[in-house]
Amino acid sequence: MFTTVKKERKLRDQECINRLHLDRSVEAPEAYGRVIRMNSTYLETVDYMYKKRGLMSFFGIFAIGSIGLFVVFLLCDVISQYLDPNWDHHDESEIIWTTLFMAILSSLFIIGFIAFYRTIGEWFRYTHYPIRFNRKNRMVYFFRGDDTVLTVPWDEVYFTIQLT
């Protein structure tokens with residue numbers, strides 16, 4: 001089951017150092033592109049992994065495209081071999097079996113890539129996992145990847161800034 005962060009983990013040293021206290025004001029953190037929605041009741045932001053999502057997808061699409069291009073070139077070569085009038089068909093079975101083997105192997109690689117990216121949460125998942133800060137009832141709502149919402153009272157949340 002995929003969630004945006006590991007559940008019940010210990011705080012890192014950097015998180016302890018960069019803790020935000022509710023009773024003190026601090027310099028505003030960089031939040032460009034993080035706020036989804038805001039009104040007089042709540043502020044809704046994206047999770048911290050939102051900015052990093054998609055890089056693995058780029059590599060996956062590149063790999064699938066490369067394999068697909070290889071299969072297309074292989075099929076074009078086989079078709080041109082069959083259309084050549086000077087070919088005597090002496091190695092026809094080897095060409096058919098090699099092409100079939102390469103097509104099956106490529107299909108398995110593509111299926112493997114899709115399964116891998118689905119497992120790590122890059123594909124076929126939510127684009128972001130919102131965090132809602134409700135000012136009126138002083139609650140924080142964390143939407144998690146397993147379709148549950150963690151609700152925590154505002155005063156019990158350990159706020160920290162992640163420096164990138």
Side-chain angles (χ1 to χ4, degrees), residues 1-76 101-164:
M1 194 173 324
F2 178 77
T3 59
T4 56
V5 294
K6 185 177 174 184
K7 295 179 182 179
E8 297 185 25
R9 65 175 177 80
K10 292 184 178 184
L11 292 173
R12 289 181 234 129
D13 292 336
Q14 182 182 11
E15 292 170 333
C16 293
I17 292 168
N18 295 322
R19 181 177 184 182
L20 295 175
H21 297 279
L22 294 176
D23 57 345
R24 293 183 234 153
S25 64
V26 294
E27 184 179 323
E30 183 267 318
Y32 178 74
R34 303 280 182 170
V35 175
I36 301 170
R37 194 175 298 121
M38 184 172 75
N39 60 30
S40 62
T41 304
Y42 64 84
L43 169 75
E44 193 167 274
T45 64
V46 294
D47 62 318
Y48 81 100
M49 285 296 291
Y50 175 73
K51 196 174 185 180
K52 298 175 183 174
R53 236 174 242 116
L55 181 63
M56 290 294 290
S57 294
F58 171 76
F59 292 120
I61 290 172
F62 179 76
I64 288 174
S66 299
I67 292 170
L69 198 60
F70 170 75
V71 170
V72 167
F73 283 138
L74 180 67
L75 291 176
C76 287
F101 174 75
M102 293 307 291
I104 290 171
L105 187 65
S106 300
S107 299
L108 290 175
F109 270 121
I110 290 173
I111 290 168
F113 273 113
I114 291 172
F116 172 73
Y117 285 105
R118 187 184 187 318
T119 302
I120 66 169
E122 279 280 327
W123 293 353
F124 311 113
R125 298 285 183 179
Y126 296 101
T127 57
H128 64 280
Y129 297 86
I131 301 167
R132 182 175 287 189
F133 301 92
N134 191 311
R135 179 184 66 81
K136 290 189 177 175
N137 64 6
R138 297 183 59 84
M139 296 293 280
V140 182
Y141 303 93
F142 300 92
F143 178 76
R144 300 189 286 195
D146 55 2
D147 292 335
T148 61
V149 177
L150 175 65
T151 305
V152 181
W154 188 293
D155 297 319
E156 294 179 20
V157 175
Y158 189 94
F159 291 103
T160 184
I161 294 179
Q162 180 178 357
L163 302 175
T164 55

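Note that these values count all heavy atoms, side chains included, but never hydrogens, waters or copies made by symmetry. Everything quoted here is computed from the prediction, not taken from an experiment.
Annotation for Val157 and Val152: closest pair CG2-CG1, 3.5 Å, computed over non-hydrogen atoms. The shortest non-hydrogen separation linking Tyr42 to Arg37 is OH-CD, 3.2 Å.
The closest side-chain heavy-atom distance from Ile131 to Tyr129 is not below 4.5 Å.
In this structure, Phe142 CZ and Arg132 CZ are separated by 13.0 Å, a value rounded to the nearest 0.5 Å. To the nearest 0.5 angstrom, Lys136 atom NZ is 4.5 Å from Ser40 atom OG. For the atom pair CZ (Phe62) and CD1 (Ile67), the distance works out to 10.5 Å, reported to the nearest 0.5 Å.
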Listing, residues 102-111 side-chain donor-acceptor contacts under 3.5 Å, not counting sequence neighbours, or none:
residue	atom	partner	partner atom	Å
Ser106	OG	Met102	O	2.8
Ser107	OG	Ala103	O	2.8

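For Thr151, the side chain to side chain contact (heavy atoms under 4.5 Å, CB included) partners are Met139, Tyr141, Val149, not counting sequence neighbours.
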